[in-house]
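Please read the structure below before turning to the comments.
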Amino acid sequence: MDQYTYSNQVLEAVRERSDLLSIASEYLSLKKSGQNYSGLCPFHEEKTASFNINPIKQFFHCFGCGAGGDVFQFVSQIEGLSFPETLRQLAERADVSLVVDDNPKAAQARSEGEEIYRANATAAEHFHRNLILKPEGASARTYLETRGLSDETIRDFSVGYALSTWDDLLKKLRSTFSPLILEKAGLISKRAERGQKDAGHFDRFRDRVMFPIRNPQGKVLGFGGRVFGEGEPKYLNTAETPVFRKSEILFGLDRPKVVGQPLVIVEGYLDVITAIQAGIPNVVATLGTALTGAHLRLARRHAEKIVIVFDGDAAGVRAALRTLPLLIDEEMPVGIVTLPSGVDPDTFIRENGKAAFLLVLARASSIMDFCIAQSILPTSPKTVNDKMAVIRQVMPFIRRLHSEVEKSDGLRMLSDRLLLRETDVRSEYLRLARQEKKSPLKPSVENAEKQVEALPHDQETLLILLLQGLLEPEELNGKLRLDDFTHPLVQQVISSYWYAEHETWSGPDEAHLRILDASAQSLVSRLTVIDVLDLECISQIEADCVNMLQKKKIDRIRSKIEHQLKQVTGDLEAAKVLKKKIMDLSRASSNLTVSH
């Protein structure tokens with residue numbers, strides 16, 4: 001819990017200098033769509049873009065999961081930060097001063113995640129100094145030279161060296177960070193000595209070249225340490241921590257990217273570094289794990305297409321084949337490259353150069369091309385039995401495809417490669433499909449908006465116009481009151497424009513908008529990013545909605561009077577008065593016209 005409070009002026013200064021579209025674009029690939037920008041939502045799994053940003057109003061909303069809000073909510077949700085942490089991060093970025101007393105009590109109040117980030121950043125600086133300044137780093141420097149890394153590249157990636165001693169990093173950091181934080185950051189480990197409750201700690205990384213692993217914003221999440229002599233394991237990553245989950249991280253995603261080019265996924269840190277040093281952008285790597293759905297969704301936020309590069313040995317081919325179902329299920333435009341056996345991207349680029357590697361990427365196979373080629377290669381099928389074996393091997397992948405067009409194209413490709421008639425292969429496909437039950441598809445993410453209660457059209461439309469600045473609230477003065485908006489959620493939001501003391505409509509109370517409950521906040525973000533198509537007809541739309549609400553108000557009053565009339569017995573004068581009121585209201589209602 002943050003022990004400091006900040007004035008509205010400070011909050012507004014940070015908000016005004018923090019462009020939501022620019023910040024979101026660092027995490028997502030966004031396209032212009034009408035007055036908004038859209039892309040895949042970072043807060044839930046989806047294959048069709050439902051995430052929208054209105055750059056004018058500085059709001060985002062996802063029509064798939066309902067997430068929405070302003071720049072504070074976006075950064076808070078995507079980084080997993082508390083509001084004070086979000087404010088500090090945005091303030092630093094916007095160069096807005098936040099006066100914070102940096103005493104031990106304040107440091108203790110910082111969140112665990114923020115302390116881990118700070119510890120990692122300090123460790124990265126220490127490892128880098130070890131490499132470039134200390135005599136003990138000479139052998140590591142020699143190793144990196146043999147791998148072709150220039151001094152500039154080493155500095156650019158903050159490559160470092162962990163000394164072979166057991167407590168070099170611990171000595172450096174223990175005066176600034178508690179052992180608990182360093183342990184949770186995965187930088188040190190606890191000694192396990194029999195009979196001692198507190199046997200002390202030791203450095204987790206020793207005698208290794210160190211590669212800082214950063215998030216897209218450049219914060220150090222953890223490290224990859226590589227031995228350069230004898231020793232196992234060859235690579236040692238930071239253990240899972242509150243900020244480091246390797247199945248959800250791609251090394252190199254913080255590097256500048258070229259828009260419109262595919263994102264290239266390789267296997268190792270040096271593959272990425274060598275590629276970028278050679279001038280090949282948009283290259284990232286997994287951290288020694290198999291490619292996961294989280295990796296693919298993360299990649300998809302940064303590029304419309306990906307190319308995956310596998311080593312050409314048997315293990316690389318097996319890894320590629322294991323990945324195919326995942327690639328098909330994610331419905332991503334994907335190219336697959338396998339290099340010659342025993343060659344990784346680092347070696348290929350150093351031996352053949354940038355142009356040769358770009359040519360290999362340009363010739364990437366489609367999923368089905370790769371699947372069919374790898375099924376055919378081992379046997380070079382000539383006999384009917386050989387060809388039937390290939391068909392049985394490929395069919396599960398074709399059945400997994402989502403569209404009939406894709407399936408048809410896959411069958412055509414298979415028949416061409418096997419030199420068979422397409423009709424025969426299609427018949428065999430149908431026969432096998434009848435024999436084997438297809439695995440059930442994993443359920444798609446529920447569209448949260450389908451569960452959202454429908455709002456009255458007239459009330460919703462007026463709220464949209466107000467939120468998007470297309471209707472001045474003063475236009476409603478003398479026409480509608482707050483209680484004419486009968487839906488509780490609409491009334492909660494639109495009350496930000498109603499000044500009860502004077503019973504007038506005016507500019508929104510921004511402070512009130514920020515303290516709305518979650519449902520109301522979601523409504524604000526959703527309506528803020530909806531495209532208003534008939535901009536030339538705003539006046540007519542407003543008039544129609546106002547008239548509809550006035551008619552409904554008249555109908556409510558008339559209904560009450562009709563109920564009173566039924567209660568009147570024997571009082572003819574009272575009944576006459578009530579009937580006249582009903583006639584007057586009916587006449588007033590008929591005078592309120594609505595265009596169609």
Side-chain angles (χ1 to χ4, degrees), residues 2 4-33 35-43 51-62 65-100 110-111 113-114 117-118 121 214-221 243 253-257 259 298 301-302 467-469 493 496 507-516 518 520-530:
D2 194 282
Y4 303 100
T5 58
Y6 304 98
S7 67
N8 284 335
Q9 288 88 342
V10 169
L11 296 178
E12 286 308 315
V14 174
R15 193 194 313 274
E16 286 173 8
R17 297 188 194 181
S18 303
D19 180 63
L20 174 58
L21 180 60
S22 298
I23 290 171
S25 296
E26 296 175 7
Y27 298 83
L28 315 172
S29 177
L30 297 167
K31 280 185 174 180
K32 188 84 164 67
S33 176
Q35 65 181 352
N36 298 324
Y37 285 79
S38 63
L40 293 172
C41 180
F43 305 121
F51 180 89
N52 286 264
I53 288 178
N54 184 312
I56 298 172
K57 300 299 288 184
Q58 291 289 299
F59 267 91
F60 74 93
H61 186 82
C62 174
C65 68
D70 62 8
V71 68
F72 288 115
Q73 274 121 2
F74 178 83
V75 172
S76 174
Q77 290 179 47
I78 203 163
E79 288 281 354
L81 302 176
S82 66
F83 179 79
E85 291 168 337
T86 302
L87 177 60
R88 281 196 290 271
Q89 180 170 310
L90 289 175
E92 182 179 349
R93 177 192 179 106
D95 198 24
V96 174
S97 176
L98 296 178
V99 180
V100 175
R110 289 192 182 99
S111 76
E114 189 177 51
Y117 280 129
R118 292 178 62 240
R214 303 176 187 272
N215 68 7
Q217 290 67 53
K219 285 187 175 182
V220 181
L221 300 168
V243 303
L253 206 55
D254 60 303
R255 310 297 302 180
K257 299 169 197 66
V259 177
L298 181 61
R301 293 177 204 159
H302 294 269
L467 288 170
Q468 297 195 18
V493 175
S496 303
D509 181 349
E510 296 290 348
H512 182 269
L513 280 172
R514 285 197 295 273
I515 61 171
L516 297 172
Q521 287 279 10
S522 180
L523 177 64
V524 170
S525 62
R526 178 167 68 86
L527 300 189
T528 300
V529 302
I530 286 178

Worksheet entry | Validation row: Ile78, Phe43 side chains within 4.5 angstrom (heavy atoms) | yes
Item to complete: Hey, could you give me the NE2/OG distance between His61 and Ser38, rounded to the nearest 0.5 Å?
Response: 13.5 Å
Discussion item. Please identify which of these residues, Gln58, Gln521, Lys57, Arg15, meets the side chain to side chain donor-acceptor pair (under 3.5 Å) condition with Asp70.
Written reply: Arg15
Discussion item. Would you compute the distance between atom OH of Tyr117 and atom CG of Asn215 and round it to the nearest 0.5 angstrom?
Written reply: 5.0 Å
Worksheet item: Should the pair Glu79-Lys219 be classified as a salt bridge under the 4.0 Å nitrogen-to-oxygen rule?
Response: no
Worksheet, complete the sentence: Between the CG atom in Asp19 and the CD1 atom in Ile53, the distance rounded to the nearest 0.5 Å is 8.5 Å
Item to complete: Looking only at non-hydrogen atoms, find the nearest pair between Glu26 and Pro216 and report the distance.
Response: O-CB, 3.8 Å
Practice prompt. List for me each residue that meets ring pair (Phe, Tyr, Trp, His ring centres under 6.0 Å) alongside Tyr27, sequence neighbours excluded, and say none if there are none.
Written response: Phe74
Worksheet item: For the side chain of Ser522 and the backbone of Gly66, is there at least one donor-acceptor N/O pair under 3.5 Å apart?
Response: yes
Worksheet entry | Closest heavy-atom pair and its distance - Pro55, Leu21 | CB-CD2, 4.2 Å
Worksheet item: From Arg214 CZ over to Arg255 CZ, what is the distance, rounded to the nearest 0.5 angstrom?
Response: 8.5 Å
Discussion item. Which heavy atom of Ser525 sits nearest to which heavy atom of Ala67, and what is that distance?
Written reply: OG-O, 4.4 Å
Worksheet item: Say you draw a straight line from SG of Cys62 to CG of Asn52; how long is it, rounded to the nearest 0.5 Å?
Response: 8.5 Å
Response to the item:
For Phe72 and Leu87 the tightest heavy-atom approach is CE2-CD1, 3.8 Å
Item to complete: Can you establish whether the number of heavy atoms outside Lys31 located under 6.0 Å from its atom NZ is more than 12?
Response: no
Discussion item. Which heavy atom of Ser18 sits nearest to which heavy atom of Ile23, and what is that distance?
Written reply: CB-CD1, 4.0 Å
Response to the item:
When every non-hydrogen atom of Val243 is compared with those of Leu221, the smallest separation belongs to O-CD2, 3.4 Å
Worksheet entry | Heavy-atom donor-acceptor pair, Gln468 side chain to Leu527 backbone, under 3.5 Å | yes
Item to complete: Starting at CG of Asn36, measure out to CZ of Phe60 and round the result to the nearest 0.5 Å.
Response: 13.5 Å
Worksheet item: After noting the C-alpha distance and the side-chain angles of Leu11 and Phe83, does the key distance pass the side chain to side chain contact (heavy atoms under 4.5 Å, CB included) rule?
Response: CA-CA 11 Å; Leu11 296 178; Phe83 179 79; 3.8 Å; yes
